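So that the names make sense, note that chain A is the first sequence line, chain B the second, and so on, each numbered from 1. If you're wondering where the values come from, they're calculated on a predicted model, not measured in any experiment.
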Amino acid sequence: MDKFNKPYDPKETEEKIYKIWEKSGYFNPDNLPVAKPKNSKTKKIKNFCIIMPPPNANGSLHLGHALMLALEDIMIRYKRMSGFKTLWLPGADHAGFETQVVYEKKLEKEGRSRFQISREQLWQEIWDFTQANKATMENQIRRLGASCDWSREKFTLDNDIISKTQDTFIQMYDEGLVYRGKRLVNWCIKHQTGLSDLEVKHEERKDPLYYIKYGPITLATVRLETKFGDTAIAVHPKDERYKKFVGKEIEIETLIGKTKIKVIADNAVDPDFGTGAVKVTPAHDPTDFEIWQRHKDEISAPIEVIDQFGKMNLIEHFPNNEEVKKYHGLKILEARKIIAEEMEKRGLLFKVDNEYKHNVGLCYKCSNILEPRLMPQWFVKMEPLAKEAVNAVKKNEIKFIPERFKKIYFHWLKNIRDWNISRQIVWGIQIPAWFCENCNEAVVSKKKPLECKKCRHKDFYQDPDVFDTWFSSGQWPFFVLGYPDAKNYKNFYPTSVMETGWDILFFWVARMIMLGLYKTKKAPFQYVYLHGLVRDQDKKKMSKSKGNVIDPLGIVNEYGADALRMALIIGNTPGNDPVFSEDKVRGYRNFANKIWQATRFILINSEDFNENIKPKFSALDKKRFKELADLKKEITKLMESYKFYTAAEKLYHYFWHTFADKIIEENKSRLNGENKNDRAAAQALLVTIFNDLIKMLHPFMPFITEEIYGHLSIKDKPRRRGVGAPTEASEKLLIIEKW
RNA sequence: GCGCCUUUAGCUCAGUGGUAGAGCGUUCGAUUCACAUUCGAAAGGCCGUAGGUUCGAUCCCUACAAGGCGCACCA
């Protein structure tokens, strides 16, 4: 009771309560006191499962995580109280490239570089780094009140996950869904790895557009430096201006001598752009690469003139050519400038358009221009997978909240291209493939092959590349449940809800659907709930470089997790980016105290309660009961339709402005009056209402409600018998009370 | 280029085919009685613009405008 003599202090309560919950074992569905089915034939045990999107183990939690945890915890707690066997399975993500980038920055600060560290040592260092982060994050998740089952926690580099991921790759290879192809990949010269198309961000740039003379033809290009790799000139087939040249070789003066080059016709050329003629450089441009694929018989193989570091590499292709040395080894932009000068000198530069704007692809991490580079990589054939993924959603096997993301999802899948899953980094799951040291034949296998089938050679080396991290996390929902034969998998798969940010709809959600359907023949979840990105008060994205990142734990320390959760939930509809403000949190901290003070009032006024007096409810009491019952129906409906933002707001409003401001106030006179009967009735009324309200508030504000429940259930045990409350109340925790 | 979204009170956002809602903020007032992390009251909106459907539109349809975003091989 002394506790109630001061404002509510979350610090005194929250960590203590979390320990009680953890000790109770109720986070684990196996320990839940699920009502025995009355009729075992018709009534099945109801399961509800959410796989927590594993936070990246390369830093600490941000507000987006806090939002994710709040939403999922609300769903889980509501379902748990509604009698479901609830499993919320936590995890942590090694986050491949993301983590390696973070770690490389750390190395840079220390004056080191990953290219000077052995593979084994780098792996070990990043391993230690992620393990430390993981431990921190687990505690942060606890501080936010997440009622997840820690006994089932998984890490994306657990041995079974690694092994199963490799199995899938092998299976897909055997079934022709994975292939090794030498194609243009998005190469980052800083990070020295290829990236998937999703990891490319496009930005508009203004670059000079050079009009240059290739013999009788003038053509326009930005990328002058690739001219040494030209293998053709292309024009549109219907372009009258160039018809006479098509199929013929024309002599052109390059800067390193004279050569002949063929003119070809291809529909990819836009006759209205520039002069309607383009130079074709298949080794350094995706469009040109595709043109080459269509004209393989007519023109020579691609010539790579830029190396992996973004420098001119010419000597290899043009040995014994003195002129070449002038450009060899130059960086792209330097080369471009010098070539332009040289061409101008020789009268080969017709004009320069300095206002030309176009889109360039950048590395989404370092914003360096990505260099299209011709190299062999492992690709996943997307079309068959995408088709199934579209069908599953069309057939409503998976529903999106909000629904509009369906359209975006379809749009993406319709235009999908094959997925490059090779990464030239160490931090990840190594690809189970081997190359013959003699003939370079690739063998897909976990174990080192004994002999090359092609050349009988016996020495192999393993592909040093690792998987795109999303290739393994795309299989997370069923791997963590112990696919294919574990009990967890049988009980909880397909899972109920996948709740995550809309920003990873393609990266993760779509891949989970595709790979889930492929491996398990089932959609991995029934609902996709997509939350928005938490923004600062100026609606800006929070990022370390902007310095506007808010540490959720700082907020928790100051105002309590309950207040933070309410601030994140209320006014936040799915799919829309919420704006975060500390004022809002302060408001809900005040609300927590309001709940606290109302409790105090009730406890004070029921101290000398006489349990022999049966409550006689007044007409007004009954009216209030009716209102409460209506509210409960309404809230339940909102919970079922995933409108947590409205449910929380209504509860807030009812508690404060109806229960506290009206009901308590209108009962004050009764409590202070002479009529004992009336007094008893009033108290029973208050307690009953109270019992319902803290139950409904519990999913949203789990800590304070559990704390109060502890005080109420001990104190009010005798009286609650009269109003049909559960027995053994003092033994019970609110977390498993009936909704 | 293809596509998605937004536009409602000063701010952040809900919402419904039948004369507009919340939180915060603002203004005025109260207050030894659970709570100043309080209570009561008030001000404040032609629900982006123009058409259409309808007995009736903020809500449905069309166009337009402004803003945001996603996808995309135009050199």
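- For the C1' atom pair drawn from B/rC33 and B/rU38, the interatomic distance equals 13 Å after rounding to whole Å.
- Remark: A/Arg183 is positioned above the aromatic ring of A/Phe379, its terminal NZ or CZ atom under 6.0 angstrom from the ring centre and at most 45 degrees off the axis.
- Proximity of A/Lys414 to the phosphate of B/rC2: no side-chain N or O atom is located under 4.0 Å from OP1 or OP2.
- Spacing between atom CD1 of A/Ile595 and atom P of B/rU38 amounts to 13 Å, rounded to whole angstrom units.
- Taking atom CD1 of A/Ile569 as the reference point, atom P of B/rA14 lies 14 Å away to the nearest angstrom.
- Here A/Val269 lies in heavy-atom contact (under 4.0 Å) with a base.
- Counting non-hydrogen atoms under 4.0 angstrom, A/Asn593 reaches a base of the nucleic acid.
- Across the C1' atoms, B/rU62 and B/rA22 are found 33 Å apart, a figure rounded to whole Å.
- Of the P atoms belonging to B/rC60 and B/rG18, the separation is 12 Å, rounded to the nearest Å.
- Within 4.0 Å (heavy atoms only), A/Tyr356 reaches sugar-phosphate atoms of the nucleic acid but no base atom.
- In terms of position along RNA chain B, the nucleotide closest to A/Asp583 lies nearer the 5' end than the nucleotide closest to the other residue of the pair A/Ile664 and A/Asp583.
- Per the geometry, CG belonging to A/Asp503 stands 16 Å off C1' belonging to B/rC4, to the nearest Å.
- A distance of about 11 Å separates the C1' atoms of B/rG10 and B/rG45, rounded to the whole Å.
- Checked by distance alone, A/Lys650 brings no side-chain donor or acceptor within 3.5 Å of a matching partner on the base of B/rA14.
- Salt-bridge annotation for A/Arg223 and A/Glu371: present, with a side-chain N of the basic residue lying under 4.0 Å from a carboxylate O of the acidic one.
- Atom pair A/Phe405:CZ and B/rG3:C1' shows a separation of 13 Å (rounding to whole Å applied).
- In secondary-structure terms, RNA chain B builds stems of at least 3 consecutive Watson-Crick or G-U pairs, each pair having both distances under 3.5 Å, at B:1-7 with B:65-71, B:10-13 with B:21-24, B:26-30 with B:38-42, B:48-52 with B:60-64.
- When distances are taken from the side chain of A/Glu665 to each of B/rC71, B/rA34, B/rU12, the shortest belongs to B/rA34.
- Checking A/Asp288 against A/Arg404, the closest nucleotide of RNA chain B that is more toward the 5' end is the one next to A/Arg404.
- Across B/rA34, B/rU37, B/rC73, the shortest atom-to-atom separation from the side chain of A/Thr287 is found for B/rC73.
- Residue-level contact check: A/Val579 touches the backbone only, with heavy atoms under 4.0 Å from sugar-phosphate atoms and none from bases.
- Rounded to whole angstrom, the span from the CD atom of A/Glu649 across to the C1' atom of B/rC24 amounts to 12 Å.
- Spacing between B/rG56 and B/rG51 at atom P, rounded to whole Å, works out to 15 Å.
- Here A/His653 pairs with nothing under the side-chain hydrogen bond (donor to acceptor under 3.5 Å, both in side chains) rule; sequence neighbours left out.
- Taking side-chain N and O atoms only, A/Asn590 has a distance below 4.0 Å to OP1 or OP2 of B/rU38.
- Here the nucleotide nearest the side chain of A/Thr646, chosen from B/rA22, B/rA14, B/rC13, is B/rA14.
- Taking the side chain of A/Tyr652 as heavy atoms from C-beta on, and the options B/rC24, B/rC13, B/rC71, the nearest nucleotide is B/rC24.
- Look at the C1' atom in both B/rC24 and B/rA63: the space between them is 37 Å, to the nearest Å.
- Atom name C1', nucleotides B/rA43 and B/rC28: the rounded distance is 10 Å, in whole Å.
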Practice task
Could you walk me through whether A/Lys227 and A/Thr221 pass side-chain hydrogen bond (donor to acceptor under 3.5 Å, both in side chains), step by step?
Solution key: CA-CA 9 Å; A/Lys227 73 188 300 306; A/Thr221 183; over 6 Å; no
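- In this structure, the nucleotide among B/rC73, B/rA34, B/rG23 sitting nearest to the side chain of A/His657 is B/rG23.
- A donor N or O paired with an acceptor N or O is found under 3.5 Å between the base of B/rC35 and the side-chain atoms of A/Lys594.
- Taking every side-chain heavy atom of A/His653 into account, B/rG23 is the closest of B/rA14, B/rG23, B/rC2.
- Residues satisfying the side-chain hydrogen bond (donor to acceptor under 3.5 Å, both in side chains) test with A/Glu203, not counting sequence neighbours, are A/Arg205.
- By the 6.0 Å and 45° rule, A/Arg511 stacks over the aromatic ring of A/Trp419.
- Note on A/Lys365 versus A/Glu199: no salt bridge recorded, every NZ/NE/NH1/NH2 to OD/OE distance being 4.0 Å or above.
- Whole-Å rounding puts the A/Leu362 CG to B/rA72 P distance at 14 Å.
- Counting only heavy atoms from C-beta on, A/Tyr645 has its side chain closest to B/rA14 among B/rC35, B/rA14, B/rC73.
- If you check every strand for non-hydrogen atoms under 4.0 Å, A/Gly587 touches nothing.
- Among B/rC71, B/rC74, B/rC39, the nucleotide with an atom closest to any side-chain atom of A/Asp270 is B/rC74.
- Between B/rC71, B/rC35, B/rC13, one nucleotide has an atom nearer to the side chain of A/Gln597 than all others, and that is B/rC35.
- Interface remark: the A/Asp197 side chain does not form any donor-acceptor pair with the B/rA72 base, using a distance-only criterion of under 3.5 Å.
- Between the P atom of B/rC73 and the CZ atom of A/Arg223 lies a distance of 16 Å, rounded to the nearest Å.
- With B/rC35, B/rG40, B/rA72 as the choices, the nucleotide that has an atom nearest any side-chain atom of A/Arg417 turns out to be B/rA72.
- Judged by the 6.0 Å distance and 45° axis criteria, A/Lys594 is not positioned over the aromatic ring of A/Trp596.
- Going from atom OH of A/Tyr8 over to atom C1' of B/rU37 covers 14 Å, rounded to whole Å.
- Contacts of A/Phe289 with the nucleic acid, taken as non-hydrogen atoms under 4.0 Å apart, are absent.
- If you check every strand for non-hydrogen atoms under 4.0 Å, A/Ala234 touches nothing.
- Annotation: cation-pi pair A/Lys351/A/Tyr211 present, NZ/CZ under 6.0 Å from the ring centroid and within 45° of its normal.
- No engagement by A/Ser581 is indicated, since no non-hydrogen atom pair under 4.0 Å with the nucleic acid exists.
- A/Phe405 has its ring centre no less than 6.0 Å from the ring centre of A/Tyr409.
- Here A/Asn572 lies out of heavy-atom contact (under 4.0 Å) with every strand.
- A gap of 10 Å separates the P atoms of B/rC47 and B/rA9, to the nearest Å.
- A cation-pi geometry, defined here as NZ or CZ lying under 6.0 Å from the six-membered ring centre and within 45° of its normal, does not hold between A/Lys201 and A/Tyr364.
- Between the side chain of A/Arg624 and the backbone N or O of A/Phe659 there is no donor-acceptor pair closer than 3.5 Å.
- At least one side-chain nitrogen or oxygen of A/Lys539 sits closer than 4.0 Å to the OP1 or OP2 atom of B/rC13.
- For the OP1/OP2 pair of B/rG1 and a distance below 4.0 Å, the side-chain nitrogens and oxygens of A/Asn359 include no atom meeting the criterion.
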